[in-house]
Amino acid sequence: MLLKRTALLILAAVLTTATLSAQTPRKHLLLDEGWKFHLGHAADATKDFNFTIANLFSKAGKAGGTAVGPKFDDQAWTGITLPHDWAIALPFENSDNADVMGHGYKPVGGLYPQNSIGWYRKTFVIMPADSGKRVSIQFDGVFRDCQVWLNGFYLGRNESGYVGFEYDITDYIQFRQENVLVVRVDASQYEGWFYEGAGIYRHVWLNQYENLHVASNGVFFQSTVAGRDATIAVQTSVMNDGLAAGQGSVLTYITDRNGKVLVQAAEKPVALAGRSTAVVQQELTIKDARLWSLEDPYLYKVVSVVKQDGHIVDQVRRRLGVRTVTIEAATGLSLNGKRIKIQGVNCHQDHAGVGSAQPDYLHYYRIRRLQELGVNAYRTSHHAPTPELLDACDSLGMLVLDEARLLSSSAEYQDQFRRLIERDRNHPSVFLWSIGNEEGYAQTNSFGKRIALSMLALQHQLDPTRTSTYAADLGNVFPGVNEVIPIRGFNYREKHVVAYHQDHPEQPIVGTEMGSTVTTRGIYAVDSVKGYVPDQDITAPWWASTAEAWWPLAAENDWFMGGFVWTGFDYRGEPTPFQWPNISSHFGIMDVCGFPKNIYYYYQSWWTDKDVLHISPHWNWKGQEGKNIDVWVNSNADQVELFLNGKSLGKKAMPRNRHLQWSVPYRAGTLSAVGTKHGRTIRTQVQTTDAPDVIELSTERTIVLADGRDAAVINVTVKDKRGREVPDAGNLVRFRVQGDARIIGVGNGDPSSHEADQCAPGAWQRSLFNGKCQVIIQSGKTAGAIRLDATSDGLRPAVATIQATATK
Ligand code: GAL
């Protein structure tokens, strides 16, 4: 009882102090902490807290003794913090079911009723001072099909595993007492054919606002650039949730990045009947506008204020990037009038250690890794992305192709598409919508054409500033979706792109899925038992191609907008071309941790103007002396000379958008390359190393916020006595964290590893895979030093120290 009271007071403090802005009664509070979790059962009501046999829906507020009820005792449930993906912690399980394989051999889905229902409970307190306000609960993403109750009252059901939703809970709140929020998640059905995770894997928010307020996702701005100035048409939806009529006014202003007001629109009055919405249009001009671009992703802020009787009753801030996007059939994509070839990647929302439950920082981490490689565009395959991913793309300067889960014009999917567009249309990074991917039953017939027309009409109505593509796994085929889609998307089949362009010269073409070489980081022979493919640009499935088969075509033709490689990172599931024990894909330019494979340097050579000179494989081939080794050099130098132990193996000119190759009889020592680029010399080398001697930890961050959410990725390698990284090491490394932080996941990029990504407290460990592994830590709320110790039998240990700093 005492414990409960303390928890209640702490929660009360949290919910009353954290406000979005001192000037507005609106609150937007993170509700990620203090959840309780338990698996239910999809086929056995007694193991599902009697859910299906309790006749819950016969009376409002009826809990029927199930876990829905506020009085249910959840003390034995596991305490968790969101985001949470319960699938990631399950053991791998072999199965000959294609969907189980596609989902990474995690025992979730219809075949595993015991693992496919997740129950979540969370209590929170609202103080009486907040009565009279509207309160809503906002879920950014739950996989999938969830039902939600507050204090036993049913709020609703959301089927999509990817599109967020919000419920007004005002009528069900009790003040000063615990409010009990319950979510039953049913992941029995899949939505895709790749790893999707399970549970409340994105943030949950508690929103509070006055009766007269800006509607959720209720601000939409459209920019027009003329000369040096930009006119921003701002549309604000104002809602009166009260029963009585209300009057107020809307005031909109734009600030620069630092909050300095640049321009303010004349205040507009609004008069609203009870329970109604009005839309207010305003126009503001930014003089000498600083445009959002990939090199300078400058963000203004649009502030929308609602006033009533002279007081501010609501205020919402949104980031604004002013830019123009044009897409022409002959010349492709232009951003602010500058032509841009799409150097894109497809990505699923899956990372080593954490699966789909990614801390916000990880989105930034991944986008930065992609940018270092030269990626300028990201396709959210095949569903609505996490909001924080789009924030990262806005901030860092990455274009986004934002995709609907399904090609469908049914009420359910139109609603999902509407929510996706309304949520994402203010992001400057989003340059194009995708209405679907490879819909084999509809894409070439009149169903597909009619559905596409309906989706395009909705897209245009909600967002006239952009257009759409559709990812078709079709060659030179026109009937169906392709007939009506404004931008033809090609999934693979690059051999047919020229013919299609000749037949349809007026239709712009983008490669929605291109390339797709399968490679396993640091592996140089096919191993069908373990499920490994060589780490060179040589193996592609029948429907796909190597990097060198598609990129030159895109690079050399102005009408080809460029494309999105399948994929930027490996992801769980789709272990093509293998099956068990292989549990994750090999398509990535980087592995599931974000460690580069050799193909990385091909793309980096031609996608950046950095000096790239990279030799593969490594040079540890003990026992293979005298055998010929295929040596690849990826570079953007004009010519490259290769040397073994100082002896030249010949000089070669580097063909544009290709690579160089030598066959070299193995002898231990140093393989070095000297390139000349625009008259300058660039060098690199690989050396035969000795055995591992010491662990090395590296991280891009030495400071994190002590906010209980921030995270750091720490990469682990081992070095020999001479300080050289050992590329084929497989040592088991143990981790211990001290200070207010916790380890939330480990990984190593081995697509056939069945080691746990999540370990018991105090027992964190991971083997290196070809010399590397990764550990992800999350801060607590106490400022101070966080120390990560890494130890391994026979190796000298390493320590990483990260400072957690207090938040404001
Ligand atoms: C495509 C599909 C992707 C992925 C890929 C694997 O056909 O759109 O989601 O499955 O194949 O090669």
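Values below: every heavy atom of this structure, side chains too, minus hydrogens, waters and symmetry copies. Each ligand, and each atom within it, is numbered from 1 in the order the structure gives.
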Notebook entry, point to check: Below 4.0 Å from any atom of ligand 1, is there a heavy atom belonging to N491?
Noted result: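 It does; at least one heavy atom falls under 4.0 Å.
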Margin query: Against ligand 1, does F194 come closer than 4.0 Å with any heavy atom?
Written below: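 No, that is not the case, since the closest heavy atom of the residue is not under 4.0 Å from the ligand.
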Item checked: For atom 11 (O) of ligand 1, closest protein heavy-atom neighbour ->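 Going by distance alone, atom 11 (O) of ligand 1 is nearest to Y492 OH, 3.7 Å.
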Notebook entry, point to check: Where is the nearest protein heavy atom to atom 8 (O) of ligand 1: which residue, which atom, and how far?
Noted result: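 Ranked first by proximity to atom 8 (O) of ligand 1 is E513 OE2, 2.8 Å.
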Verify, without hydrogens or angle tests, whether [X] (side chain) and [Y] (backbone) share a donor-acceptor contact under 3.5 angstrom.
X: K449; Y: V484; value: no
X: S454; Y: S409; value: no
X: H586; Y: T576; value: yes
X: N748; Y: K772; value: no

Are any of the N/O atoms in [X] less than 3.5 Å from those in ligand 1?
X: N437; result: yes
X: H382; result: yes
X: E438; result: yes

Item checked: Between W632 and N598, a side-chain donor and acceptor under 3.5 Å ->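 Judged by distance alone, the side chains do not pair up.
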Checklist line | Within the 6.0 Å centroid threshold, strictly below: W551 and Y603 | finding: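 They do not qualify: ring centres at least 6.0 Å apart.
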Notebook entry, point to check: If you measure from each non-hydrogen atom of W543 to ligand 1, which part falls under 4.0 Å: side chain, backbone, both or neither?
Noted result: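 For W543, only side-chain atoms sit under 4.0 Å from ligand 1.
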Note to self: Exactly one of K106, R572, R366 should register a salt bridge (Lys or Arg N to Asp or Glu O under 4.0 Å) with D350. Which one does?
What the structure shows: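 Exactly one option meets the salt bridge (Lys or Arg N to Asp or Glu O under 4.0 Å) with D350, and it is R572.
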Item checked: Proximal ligand 1 atoms for E574, defined as those under 4.0 Å from one of its heavy atoms ->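 Every atom of ligand 1 under 4.0 Å from some heavy atom of E574: 4 (C), 6 (C), 10 (O).
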